[in-house]
Q: 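Have a look at this one.
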Amino acid sequence: NFPLSTRQLWGWSRRYTEAQRQFASRHPDIILIDAQAAFALKSKKECLQIFVDLVHLTVAGNRLLAEVALNRIVNPK
């Protein structure tokens with residue numbers, strides 16, 4: 001059994017992601033690949049196509065992740 005409920009896990013994940021974003025904003029030499037921001041733009045129907053469950057990606061999800069990473073590395077802001 002996992003020690004956290006889905007709600008607790010989601011809350012922890014959001015706080016961790018926000019901490020990473022804040023850290024990256026203070027360190028311009030770091031390229032943050034924020035896939036969560038790209039996934040958040042997807043509709044519920046699209047999310048069902050890119051996620052197997054709450055955290056694991058399908059082939060289409062991995063493809064989107066790779067595109068996000070490539071675009072961020074090639075075009076750093």
Q: Report the distance from atom NZ of Lys44 to atom SG of Cys47, rounding to the nearest 0.5 Å.
A: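 Taking NZ in Lys44 and SG in Cys47, the distance rounds to 9.5 Å.
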
Q: Between atom CZ of Phe23 and atom CG of Leu32, what is the distance when rounded to the nearest 0.5 Å?
A: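 So the gap between those two atoms works out to 10.5 Å.
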
Q: Would you say NE2 of His27 has more than 12 non-hydrogen atoms from neighbouring residues, nucleotides or ligands within 6.0 angstrom?
A: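 Check passes, neighbour count above 12.
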
Q: Answer with yes or no whether the hydrophobic clustering places Val68 together with Ile73; edges join I, L, V, M, F, W, Y residues whose side-chain heavy atoms lie under 4.5 Å apart.
A: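 Yes, Val68 and Ile73 fall within the same hydrophobic cluster.
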
Q: When Glu18 is tested against each of Gln20, Arg14, Gln22 for side-chain contact (heavy atoms from CB on, under 4.5 Å), which residue passes?
A: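 Answer after filtering Gln20, Arg14, Gln22: Gln22.
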
Q: If I take atom CD from residue Gln49 and atom CG from residue Leu64, how far apart are they, to the nearest 0.5 angstrom?
A: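 Result: 11.5 Å between the selected atoms.
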
Q: How far does CZ of Arg63 sit from CD1 of Ile50, to the nearest 0.5 angstrom?
A: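 Answer rounded to 0.5 Å: 12.0 Å.
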
Q: Can you find a pair of side-chain heavy atoms, one from Phe51 and one from Thr58, that are under 4.5 Å apart?
A: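 No, too far: nothing below the 4.5 Å cut-off.
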
Q: Answer yes or no: are there more than 12 heavy-atom neighbours, outside Arg7 itself, under 6.0 Å from its atom CZ?
A: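 It does not: Arg7 CZ has 12 such atoms or fewer within range.
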
Q: Would you mind reporting whether Gln36 and Arg21 have side-chain heavy atoms less than 4.5 Å apart?
A: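 Arg21 vs Gln36: side chains touch.
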
Q: Given the rule that I, L, V, M, F, W and Y join up when any side-chain heavy atoms are under 4.5 Å apart, are Leu57 and Ile33 in one cluster?
A: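 Yes: a chain of side-chain contacts under 4.5 Å links Leu57 to Ile33.
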
Q: Taking Thr17 for its side chain and Ser13 for its backbone only, find out whether a donor-acceptor pair lies under 3.5 Å.
A: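 Yes: the side chain of Thr17 pairs with the backbone of Ser13.
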
Q: Would Tyr16 and Val55 show up in the same hydrophobic cluster when neighbours are defined by side-chain heavy atoms closer than 4.5 Å?
A: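 Not linked; separate clusters.
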
